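Report on the structure given below.
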Amino acid sequence: MTESPCQSCGACCSYSSNWPRFTIEEDAALDLIPAKFVNDRLSGMRCDGDRCTALTGKIGISTACGIYEIRPDVCRTCMPGDPECLMARRRFGLGALPASFAAGDH
Ligand code: SF4
Ligand code: SF4
């Protein structure tokens, strides 16, 4: 299996404070996310500027989600190679990905 390009990216986790927003998660799932990573309105992830506070590492070099196993649904649906991914990567001057990555894990 090809290694996910996300591990050397992180662009979509740093694109907009409106992106890591909770949608259809059950309360029980959201309760697992440490409060320090949740915004004051409890509507999404807490961001520092545009960057999700759960993201560690350096964008375009090496990044990781600090709550990967319990990340919100919106983060699970963003797939490498999809339009949102490419938009985020462009912002950070990262190249496009082959469409085949759209089927990969995030
Ligand atoms: S989905 Fe795209 S923008 Fe997000 S981390 Fe992966 S490669 Fe980067
Ligand atoms: S919760 Fe994780 S996957 Fe979602 S935006 Fe934050 S760092 Fe990225």
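All values derive from a computational prediction rather than experimental measurement. In listed order, ligands and their atoms are each counted from 1.
- Applying the salt bridge (charged side-chain N to carboxylate O under 4.0 Å, His left out) rule to Arg21 yields no partners; only residues at least two apart in sequence or on another chain are considered.
- Every atom of ligand 1 is numbered from 1 in the order shown, and the set under 4.0 Å from a heavy atom of Leu97 is 7 (S).
- Residue Cys52 has at least one heavy-atom neighbour below 4.0 Å for each of these atoms of ligand 2: 1 (S), 5 (S), 6 (Fe), 7 (S).
- Residue Cys12 does not count as close to atom 8 (Fe) of ligand 1, with no N, O or S atom under 2.8 Å.
- Heavy-atom contacts of Gly10 reach the following atoms of ligand 1: 5 (S), 8 (Fe) (cutoff under 4.0 Å).
- Just one residue in the list Ile24, Ile67, Val38 forms a side chain to side chain contact (heavy atoms under 4.5 Å, CB included) with Pro72, and that residue is Ile67.
- Taking a 6.0 Å sphere around CG of Leu32, one finds it holds more than 12 heavy atoms contributed by other residues, nucleotides or ligands.
- The distance from atom CD1 of Ile59 to atom CZ of Arg91, rounded to the nearest 0.5 Å, is 9.5 Å.
- Shown in contact with Cys9 at under 4.0 Å from a heavy atom are these atoms of ligand 1, numbered in order with element: 3 (S), 5 (S), 7 (S), 8 (Fe).
- Not one N, O or S atom of Cys13 sits under 2.8 Å from atom 4 (Fe) of ligand 2.
- At distances below 3.5 Å, not a single donor-acceptor pair connects side-chain atoms of Arg90 with backbone N or O atoms of Gly95.
- With a 4.0 Å heavy-atom cut-off, ligand 1 is reached by no atom of Asp82.
- Here is the list of ligand 2 atoms found below 4.0 Å of a heavy atom in Cys75: 1 (S), 3 (S), 4 (Fe), 5 (S).
- For Thr23 (side chain) and Asp73 (main-chain N/O), no donor-acceptor pair under 3.5 Å exists by modelled atom type.
- Here is the list of ligand 2 atoms found below 4.0 Å of a heavy atom in Met45: 1 (S).
- Proximity of Met45 to Val74: side-chain heavy atoms (C-beta onward) are nowhere separated by under 4.5 Å.
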